[in-house]
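These numbers come from the heavy atoms of this one structure, side chains and all, not from hydrogens, waters or symmetry mates. Counting starts at 1 for both ligands and their atoms, in listed order.
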Amino acid sequence: MAGAENSLFIKTLKGERSHRPPVWLMRQAGRYLPEYREIRATAKDFLDFCYTPSLSVEATLQPLRRYPFDAAILFADILLVLDAMDRGLRFEAGEGPILNPLDRASDLEAVSLSKVMQRVSPVMETVERLKAALPEGFPLIGFAGSPWTVAVYAIEGRGGTDKKNPKLWAYTRPDDLKAVLDYLVVVTTEYLKTQVEAGADALMLFDSWAENLPDHVFDWLVIEPTRKLVDNLRSAGVTVPIIGFPRGAGAKLADYVAQTGVNAVGLDTGQVPSFVNTSLPKGFPVQGHLDPLSVIAGGKQMLDRADQIIEAYRADGRPHVFNLGHGITPDAKPEHVETLMKHIQAMG
Ligand code: 1CP
């Protein structure tokens with residue numbers, strides 16, 4: 001069976017340049033689509049939705065029916081591994097995720113790795129079903145949260161925070177935090193390796209809480225666990241491209257790229273193309289980074305900024321996957337996504 005290696009998306013991640021950048025959007029499946037809200041209402045709750053392969057497959061495919069995206073992303077969530085570790089994950093309306101805050105590293109090991117993998121096995125079924133449903137050679141992205149970001153949720157017990165507790169762990173109990181990160185590396189290696197065995201063609205590591213970390217802690221909280229994870233995956237025989245997304249890394253982006261071993265890097269809304277081009281190795285692939293809020297507004301400003309981003313990497317001869325700088329918001333307008341896609345498709 002032909003793989004996805006001839007797709008524009010995978011070729012770009014491997015360093016090739018093309019007329020137009022391949023495009024997909026973070027959170028391309030989800031609440032901005034009325035058809036997602038409709039099927040979401042049929043599930044008991046969000047976790048149930050994620051663990052029901054027929055629903056997750058459908059949610060993954062919905063945006064592809066509307067728009068000519070160049071890749072699909074598995075419908076799941078970075079917090080499923082914490083649910084599988086029995087951290088009491090629930091999604092409360094209007095509040096986002098809530099978990100039982102972690103007291104000590106060893107709490108995470110209460111559930112064996114094989115039980116964790118058993119709990120997330122519906123995700124692997126979703127991947128398998130997606131590979132059968134997608135056109136041959138159409139790339140499917142698997143993903144996980146990076147150890148630091150998952151640790152932030154585990155320790156804080158909720159999202160959208162200033163990361164106060166996990167940062168205080170870093171300053172007062174670094175050994176405990178290292179043990180948390182090391183264990184998350186082990187679990188995430190297994191989780192991602194299994195996604196690739198089920199058919200994922202590329203992997204993305206979401207480090208959504210990498211922002212606002214002093215640079216000496218960034219090294220051991222973000223770079224080191226990511227490097228170990230990438231090393232482990234390679235040692236386990238995983239060869240697919242890996243995209244790292246250290247959101248808010250700022251000037252630490254260059255160290256992240258130099259030291260983690262990822263094949264491509266996701267850029268956030270605030271990254272500066274001229275900085276990226278001067279700080280990253282020539283030809284290193286990037287992904288991003290239109291402001292998701294500009295897709296609420298739409299119109300000329302959206303297309304002008306998309307052009308600026310595309311032009312900046314084209315001029316540098318840098319492989320570029322077009323995307324947003326963070327996930328699309330529930331109030332983004334589907335018709336603005338259509339305008340954006342038509343604009344990029346018209347480039348060739
Ligand atoms: O009820 C609902 O429909 C819940 C909304 C929702 C959706 C659609 C959540 C809860 N997760 C998801 C799906 C999801 N999450 C996907 C697959 C969809 C796609 O990309 O097309 C992916 C890749 C994620 C990844 C994810 N989840 C991240 C990393 C990316 C990012 O936005 O930084 C993070 C941080 C999460 C945690 C999470 N899950 C859900 C919410 C509302 C949040 C964020 C909470 C917070 O603010 O901390």
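- For a threshold of 3.5 Å applied to N or O pairs, the pair formed by Trp209 and ligand 1 contains no separation below that value.
- Counting heavy atoms under 4.0 Å from ligand 1, residue Arg158 does not touch it at all.
- Between Tyr256 and Phe218, the ring planes are perpendicular. Angles over 60° get that label, and only those under 30° would be called parallel.
- With hydrogens and angles left out, the side-chain atoms of Asp291 and His326 include no donor and acceptor closer than 3.5 Å.
- The nearest heavy-atom contact from the protein to atom 45 (C) of ligand 1 is Pro97 CD, 3.5 Å.
- Residue Tyr36 has at least one N or O atom closer than 3.5 Å to an N or O atom of ligand 1.
- Judged by the shortest distance from any of its heavy atoms, Gly96 lies outside the 4.0 Å radius around the atoms of ligand 1.
- A salt bridge is absent between Glu95 and Arg158; no separation between the charged side-chain nitrogens and carboxylate oxygens falls under 4.0 Å.
- Any N or O atom pair closer than 3.5 Å counts here, and Phe75 shares no such pair with ligand 1.
- At the shortest separation from atom 12 (C) of ligand 1 among protein heavy atoms lies Phe46 CZ, 3.3 Å.
- The protein heavy atom nearest to atom 39 (N) of ligand 1 is Asp77 OD1, 2.7 Å.
- For the pair Asp316 and Lys282, the salt-bridge criterion is met [side-chain N within less than 4.0 Å of a carboxylate O].
- The nearest non-hydrogen atom to atom 1 (O) of ligand 1, considering only Arg247, Met204, Arg40, comes from Arg40.
- Between the side chain of Arg234 and the main chain of Val238, a donor-acceptor pair closer than 3.5 Å is present.
- Hydrophobic cluster membership for Leu293: Ile296 (Ile, Leu, Val, Met, Phe, Trp, Tyr linked by side-chain heavy atoms under 4.5 Å, directly or transitively).
- Counting protein heavy atoms only, atom 24 (C) of ligand 1 is closest to Arg27 NE, 3.5 Å.
- Among protein heavy atoms, the minimum distance from atom 22 (C) of ligand 1 is reached at Phe143 CZ, 3.6 Å.
- Residue contacts with ligand 1 include Ala29, since one of its heavy atoms falls under 4.0 Å from the ligand.
- Ring centroid separation for the pair Phe49 and Tyr36 comes in under the 6.0 Å cut-off.
- For ligand 1, the atoms sitting less than 4.0 Å from at least one non-hydrogen atom of Tyr153 are 35 (C), 37 (C), 44 (C), 45 (C), 46 (C), 48 (O), numbered in the order shown with element in parentheses.
- Listed by first and then second residue, the salt bridge (Lys or Arg N to Asp or Glu O under 4.0 Å) pairs that reach into residues 40-57 come to none, sequence neighbours excluded.
- Numbered from 1 in the order shown, with element, the atoms of ligand 1 that lie under 4.0 Å from a heavy atom of Ile73 read 19 (C), 20 (O), 21 (O), 23 (C).
- What sits closest to atom 42 (C) of ligand 1 on the protein, heavy atoms only, is Arg31 NH2, 4.2 Å.
- Ion pairing between Arg104 and Asp107 holds under the 4.0 Å rule for side-chain N and carboxylate O.
- Under a 4.0 Å N-O distance rule, the pair Lys11/Asp70 does not qualify as a salt bridge.
- Residues Arg227 and Glu224 are paired through a salt bridge, judged by an N-O separation under 4.0 Å between the basic side chain and the carboxylate.
- Remark: distances from the non-hydrogen atoms of Phe91 to ligand 1 include one below 4.0 Å.
- The nearest heavy-atom contact from the protein to atom 29 (C) of ligand 1 is Ser208 OG, 3.3 Å.
- Residue contacts with ligand 1, taken as heavy atom pairs separated by less than 4.0 Å, do not involve Phe49 at all.
- At a 4.0 Å heavy-atom cut-off, ligand 1 touches Ala76 through the backbone alone.
- For Glu92, the CD atom counts as densely surrounded, since its 6.0 Å shell holds more than 12 non-hydrogen atoms of other residues, nucleotides or ligands.
- The nearest heavy-atom contact from the protein to atom 25 (C) of ligand 1 is Ile78 CG2, 3.7 Å.
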